[in-house]
Amino acid sequence: MATERYNAPDREKHWQTVWDAKNVFRTATDTSKPKCYVLEMFPYPSGRIHMGHVRNYTMGDVLARAKRAQGFNVLHPMGWDAFGMPAENAAMERKVHPKKWTYENIAAMKGQLKSMGLSLDWSREVATCDPAYYVHQQRMFLDMFAKGLAYRRKAKVNWDPVDNTVLANEQVIDGRGWRSGALVEQREREQWAFKISAYSDDLLEALGTLDKWPEKVRLMQENWIGKSEGLQLRWKLDPTTAPAGHTELEIFTTRPDTLFGASFMAIAPDHPLAKAAAASNKALADFCDECRRMGTSLAEIETAEKKGFNTSIKAVHPFDPTWTVPVYVANFILMDYGTGAIFGCPGGDQRDIEFAKKYGLPVIPVVAPKDEPARSKAIAKVHEGVPFLDDGVMVNSRFLDGMTTKAAFDEVAKRLEREKLAGKPVAERKINYRLRDWGLSRQRYWGCPIPVVHCAACGTVTVPTMDLPVTLPDDATFDQPGNPLDRHPTWRHVPCPKCAKPATRETDTMDTFVDSSWYFARFTAPDATSPTDTAALDYWMPVDQYIGGIEHAILHLLYSRFFYRAMGETGHAGRQNLREPFAALFTQGMVVHETYSRAGIDPPQWLLPSEVAIAGEGDARTATEIATGKPAVIGDIVKMSKSKKNLVDPDDIIAHWGADCARWFMLSDSPPERDVIWTEAG
RNA sequence: GCGGACGUGGUGAAAUGGUAGACACACGGGACUUAAAAUCCCGAGGCAGCAAUGCCGUGCGGGUUCAAGUCCCGCCGUCCGCACCA
């Protein structure tokens, strides 16, 4: 027998059992000690952990252990983001109930996480699909409803025709569903929304206080909120040309200084004025219909021609009653931004200049560079079709001539605020945000039920707190598309809580991002009988270090920031008057791996790393498919994913080399914020 | 189109404007061993040279500075986010 070697799997198992038996990582609120709340984004229980989890949780674990060693009382919990579509898909494909599938996955993944030797307080484990968790979410929803922070609205929604559900704007990527990849359609529908837009400015301003967040994430959120300051400005319509009842057109502009460059108005196909005009104009009605049919995909938007239709309505320039410009319906104007109407200034905008040329409208240069030689050149170029709208001085703009753009902005605002139209100021300063309210209704079974009842007599009635939770029926069917709650024979039929007459439950469930918007607060008191426990929150919040993937830079982090504010408003966020739940954020890099595919086949047939043999070194490396002996192609190094099959199972690594080895490599190979290239050799 | 990040050996990567390549992997040589693995020691940016040493080197081209991987200007390339947002 050779000398005894360190047997990693054996020793690791031993100590993990000891830690478990002695509850060494259990944490209690202890105000005599300084606290440190270390949190990694909780996983979706897909069934197996992957290398991204290993990296994420190792980083958090190292920090938690270090802080513990430094004398901090460390909260390091773990739970499950357990609602969501994959469970329902599994139900449809494999005839297994979402609940069963989810809890089996949780059990399997919990075992894997334990094999990693993480110092987690498992006594605080929560699963968002547990009624003991979502009952509190329903309570908070009702509290938010009472405060007007959750409301019902008829809205155009992003409809995913594959998953048969509504998606939030944030979940539409390049015009496709973030999960299904299907082209998203626009549909009108009653649905629930959170009033995140009420916090636009606060969410934006407070980014400045998040000095322990990556600059990149703050910038992404800033852009997403998209603040723009401008002027809301009403143009009088020429009464001889306008439909009855329409006397003016309100537009939003960030560049009122360019008002003397106006050569047309453009309104959205859904704009009330467009609809009124279309009522007596068949060709216009057809044009509007065509615009509505146009998809929202990236490809369609980029290739779609900028088209307009002259309504023959004329708008009167606010500074010159003799100057009128034509009003077009245009396919590139969005009804839900600003007022759904703009004035076009071809001198300063590529899109406007193309539009003007196409329809033979004037092009007036109104902004020019400050220095003389550049000026005449720029003006000449504008006439040729090259817009100029940089900082400069005003030209061709009457009383604005010679002013800087900034001064001209203020001058126009000042004059038009004084000017009256129909008794009201012609214009007012206005701030617009790109951020829209968060549509949270999902036509799905495996999500938190929205605790309201629709009654023919009483309207929308909330479920009384004592009747919560509204739980999901276990006996739903998953054999056809659509929402199983809608076709359940009995679940939806309940008496109205107010008048007791027959009524129907809301069958929409909540977006799973709601579940993950407050779990960090629940971890501080997972057994509290109210959604949160004030004393626990006051001690533990905020999260001192949050760690997760950059892919959540907008959705999850912005929603959580909003939700904690809403929780404050409804008395669930403790006494600290804390608005920001995450004091510090770290976004770790991805785990990436080479891809392999069968040679000479397109589209590629991917091979698992374990299915290929590599020979040679450097540029001379070659790959062979082990099973067939045929050559394989070594492809790009990309994020590990099922679709590209470039996966390495953490279990194999842990079983062979031990968890310490896997953890060590993850931390030592590349800086934590950067991608780590997983190689067996490494 | 807008916003951002990045570009340094064979590889992962270090460098408050002050000796570029720390540390490590891989590699080469050596020790130990019958042999290997493991371990330990030594070497190493490139070119030239037996060597001492010299020259060249942080994507490319300029600039500021006593001094630039680092700061400024202009390119090239890669990656990420947003995008008919008025």
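So you know, we letter chains A, B, ... as the sequences are listed, proteins then strands, and number each from 1. Reckoned from all heavy atoms, side chains included, excluding hydrogens, waters and symmetry mates.
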Report the nucleotide, chosen from B:C85, B:C84, B:G3, that has the shortest atom-to-atom distance to any side-chain atom of A:Tyr337. B:C85
Shortest side-chain distance from A:Leu219, nucleotide among B:A83, B:G3, B:A86: B:G3
Can you tell me how far P in B:C75 sits from the matching atom in B:C82, rounded to whole Å? 26 Å
What interatomic distance, in whole Å, is found between P of B:A20 and the corresponding atom of B:C56? 13 Å
Please list each protein N or O that sits under 3.5 Å from an N or O in nucleotides 78-80 of chain B, with the distance.
| unit_1 | atom_1 | unit_2 | atom_2 | d |
| --- | --- | --- | --- | --- |
| B:C80 | O2' | A:Lys216 | NZ | 3.3 |

Does a side-chain N-to-carboxylate-O contact under 4.0 Å join A:Arg663 and A:Asp61? yes
The single option from A:Phe309, A:Phe332, A:Phe343 that satisfies ring pair (Phe, Tyr, Trp, His ring centres under 6.0 Å) with A:Phe355 is A:Phe332
Check whether any side-chain N or O of A:Arg436 sits under 4.0 Å from OP1 or OP2 of B:C85, and answer yes or no. no
Whole-angstrom distance between B:G45 and B:A22, as gauged at atom P: 8 Å
So does A:Glu354 pair up with A:Lys357, basic N to acidic O under 4.0 Å? no
Which range-with-range stems can be found for RNA chain B when each stem has 3 or more Watson-Crick or G-U pairs in a row and both distances sit under 3.5 Å? B:1-7 with B:76-82, B:10-12 with B:23-25, B:27-31 with B:39-43, B:45-48 with B:53-56, B:59-63 with B:71-75
Tell me: CG of A:Leu557 to P of B:C82, nearest whole Å? 14 Å
Could you tell me how far B:G12 sits from B:U16 if I compare only their C1' atoms? Round to whole Å. 25 Å
If we count only N and O atoms by modelled type, under 3.5 Å, do the side chains of A:Ser228 and A:Tyr337 hold a donor and an acceptor together? yes
Check whether any side-chain N or O of A:Arg674 sits under 4.0 Å from OP1 or OP2 of B:A14, and answer yes or no. yes
Atom CZ of A:Arg434 and atom P of B:A86: how far apart are they, to the nearest Å? 10 Å
Output yes when A:Lys306 and A:Asp352 qualify as a salt bridge under the 4.0 Å nitrogen-oxygen rule, no when they do not. no
Atom of A:Ala182, atom of A:Pro161 and distance for their closest heavy-atom approach: CB-CD, 4.2 Å
Determine the interatomic distance between P on B:A14 and the same-named atom on B:U65; round to the nearest Å. 31 Å
Rounding to the closest angstrom, what is the interatomic distance between B:G74 and B:U19 at atom P? 29 Å
Looking at RNA chain B, which of residues 246-254 of chain A put a heavy atom within less than 4.0 Å of it? A:Phe252, A:Thr253, A:Thr254
Side chain of A:Pro671 only, please: which of B:A86, B:A83, B:A13 is the nearest? B:A13
Say you pick atom P in B:G18 and the same atom in B:G29; how far apart are they, in whole Å? 39 Å
